[in-house]
Amino acid sequence: HRAPAWWPIFLSPKTMLAWLQNWQSNCATSAHIPAYARHQPAKGGHVIVCWSLKGGSGTTVVSAALALTLAQRNTAPVRIVDLAGDIPSALGIAEPSGEGVTNWLQQQQPSPIQSLQIPVTARVSLIPRGDGLLMHHDLTAEHCNTLATELDTSNELTVVDAGSGHIPQLINNATTSLLVIRPCYLALRKAAHLSVKPHGIVLINEPGRSLGKRDVESVVGAPVLVELPLDPTIARCVDAGLLASRIPTMLSQHLAHVA
């Protein structure tokens, strides 16, 4: 189902949200809306894809922090697949040079993807984006299936930073897909058009917003698993390049719900 081409933009965000929710409800009466499984503790071979609908939502920081939290709470090693290209900056490590996952996806007979891994901490490694011309929003179903098959054969926990944009093939191949979103009217307007729903939502709460958790769940059609406050200590930690060595306790405690 698609929303009508016309949108009554003269309405307030709250009124418009009510209109969206009513439209979603009407769609649900004529289409199968799948139930979403409760989150299960991560194990080896588990692939978590973090994605957002618009830039600046916090997907990269959530992906990096989630990987660090998984390493604290599990015995299996953890790796981050950086499709968007911003993970090194978020972790405070040097920008990798050379090939990465985008190059690997374009090879006819690629070597094992483990050969691309770069150590970040004793328990966390990074598969960088690389210098290939393939952008994350250009991934085809074949690319996503190839990557999913490779990641599934490993005993490592994997967090994929898929950046912004709706990539159904990548989301479909995830063990767990997490939509990172702010309670923003523009983001929810995009969420109304999703063809594939996430397993859960990481909600970045901003003070002063008129929309909240229930509004987001209603429009997206998935549960909020984590509510992260927009805390300046997290921004200072990232800006100082300290996330990999000193993840804020508040951040890891909140993300433990999906780790």
Side-chain angles (χ1 to χ4, degrees), residues 36-37 39-42 45-74 78-91 100-102 120 124-129 135-137 139 143-144 147-148 151-152 156-184 187 190-191 194 196-205 216-217 220 222-230 234 238 243-244 247-248 251-259:
Y36 298 99
H39 173 74
Q40 299 296 322
H46 196 106
V47 179
I48 303 173
V49 174
C50 299
W51 54 289
S52 61
L53 294 169
K54 55 196 298 286
S57 299
T59 311
T60 294
V61 173
V62 167
S63 300
L66 179 56
L68 295 168
T69 303
L70 281 165
Q72 292 175 350
R73 297 173 57 85
N74 294 274
V78 182
R79 61 185 169 188
I80 311 170
V81 178
D82 184 12
L83 290 176
D86 294 324
I87 287 289
S89 298
L91 289 171
V101 64
T102 54
V120 175
V124 178
S125 62
L126 168 67
I127 298 177
R129 183 190 179 281
M135 301 299 291
H136 65 282
H137 47 70
L139 293 177
H143 288 138
C144 295
L147 182 59
L151 297 179
D152 273 346
E156 294 184 68
L157 298 167
T158 304
V159 178
V160 180
D161 177 12
S164 60
H166 184 209
I167 313 173
Q169 299 92 340
L170 193 62
I171 299 166
N172 275 330
N173 281 299
T175 313
T176 302
S177 69
L178 298 175
L179 173 63
V180 182
I181 193 170
R182 301 188 185 210
C184 164
K190 289 187 175 185
L194 289 175
V196 179
K197 303 293 186 181
H199 294 102
I201 300 166
V202 176
L203 181 61
I204 311 298
N205 277 325
V216 173
E217 289 181 328
V220 176
V224 170
L225 301 179
V226 176
E227 289 188 81
L228 273 177
L230 193 64
I234 298 174
V238 173
L243 187 62
I247 180 173
L251 183 56
S252 61
Q253 286 177 341
H254 279 79
L255 290 175
H257 295 293
V258 290

_Minimum side-chain heavy-atom gap Val220-Pro198 below 4.5 Å_ = yes
*Between Leu243 and Pro248, which heavy-atom pair has the shortest distance, and what is it?*
CD1-CD, 4.0 Å
_Minimum side-chain heavy-atom gap Leu66-Leu178 below 4.5 Å_ = yes
*Atom pair CD1 (Ile181) and CH2 (Trp51), whose distance is rounded to the nearest 0.5 Å*: 8.5 Å
*Any side-chain heavy-atom pair from Val61 and Val180 closer than 4.5 angstrom?*
no
_Side-chain donor-acceptor pair present, Thr176, His46, cut-off under 3.5 Å_ = yes
_Tell me the closest heavy-atom pair linking Ile234 and Pro229, and the distance in Å._
CD1-O, 4.4 Å
*Check step by step if side chain to side chain contact (heavy atoms under 4.5 Å, CB included) holds for Leu151 and Val160.*
CA-CA 10 Å; Leu151 297 179; Val160 180; 4.3 Å; yes
*asked:* Do Val47 and Asn173 have side chains that approach each other closer than 4.5 Å (heavy atoms only, starting at C-beta)?
replied: no
*Mark yes or no for whether Glu217, through its side chain, and Val224, through its backbone, hold a donor-acceptor pair below 3.5 Å.*
yes
*When rounded to the nearest 0.5 angstrom, what distance separates CD1 in Ile204 from SG in Cys184?*
12.5 Å
*Ile247 versus Gln72: any side-chain heavy-atom pair under 4.5 Å?*
yes
*asked:* Test your reading of the model: is there a side-chain donor-acceptor pair from His199 to the backbone of Ser177, 3.5 Å cut-off?
replied: yes
*Quick one: does Lys54's side chain have a donor or acceptor within less than 3.5 Å of a partner on Ser164's backbone?*
no
*Flag side-chain contact, heavy atom, 4.5 Å: Leu225 against Val202*: no
*Could you give the distance from CG (Asp161) to CD1 (Ile48), rounded to the nearest 0.5 Å?*
13.0 Å
_Quick check for you: to the nearest 0.5 Å, what is the distance between Leu179 atom CG and Ser57 atom OG?_
8.0 Å
*Below 4.5 Å, heavy atoms only, C-beta onward: do Arg79 and Leu126 meet side chain to side chain?*
no
_Stepwise side chain to side chain contact (heavy atoms under 4.5 Å, CB included) test for Val120 and Ile87_ = CA-CA 11 Å; Val120 175; Ile87 287 289; over 6 Å; no
*Nearest heavy-atom pair of Ala162 and Leu170: which atoms, and what distance?*
CB-CD2, 3.5 Å
_Looking at every heavy atom in both Val159 and Cys50, which two are closest together, and how far apart are they?_
CG1-SG, 4.2 Å
*asked:* So, taking the atom named CG in Leu255 and the one named CG in Leu68, what distance separates them when rounded to the nearest 0.5 Å?
replied: 9.5 Å
_Using every non-hydrogen atom in the two residues, find where Ala64 and Leu91 come nearest and quote the distance to one decimal._
CB-CD2, 3.7 Å
*Pairs satisfying salt bridge (Lys or Arg N to Asp or Glu O under 4.0 Å), at least one member in residues 168-182, at least two apart*: Arg182-Glu206
*Between Val196 and Asn172, is a side chain to side chain contact (heavy atoms under 4.5 Å, CB included) present by the stated rule, with each step listed?*
CA-CA 8 Å; Val196 179; Asn172 275 330; 3.6 Å; yes
*For residues Pro128 and Asp82, determine if any side-chain heavy atom of one lies less than 4.5 Å from a side-chain heavy atom of the other.*
no
*asked:* If I take atom NE2 from residue His257 and atom CG from residue Leu228, how far apart are they, to the nearest 0.5 angstrom?
replied: 9.5 Å
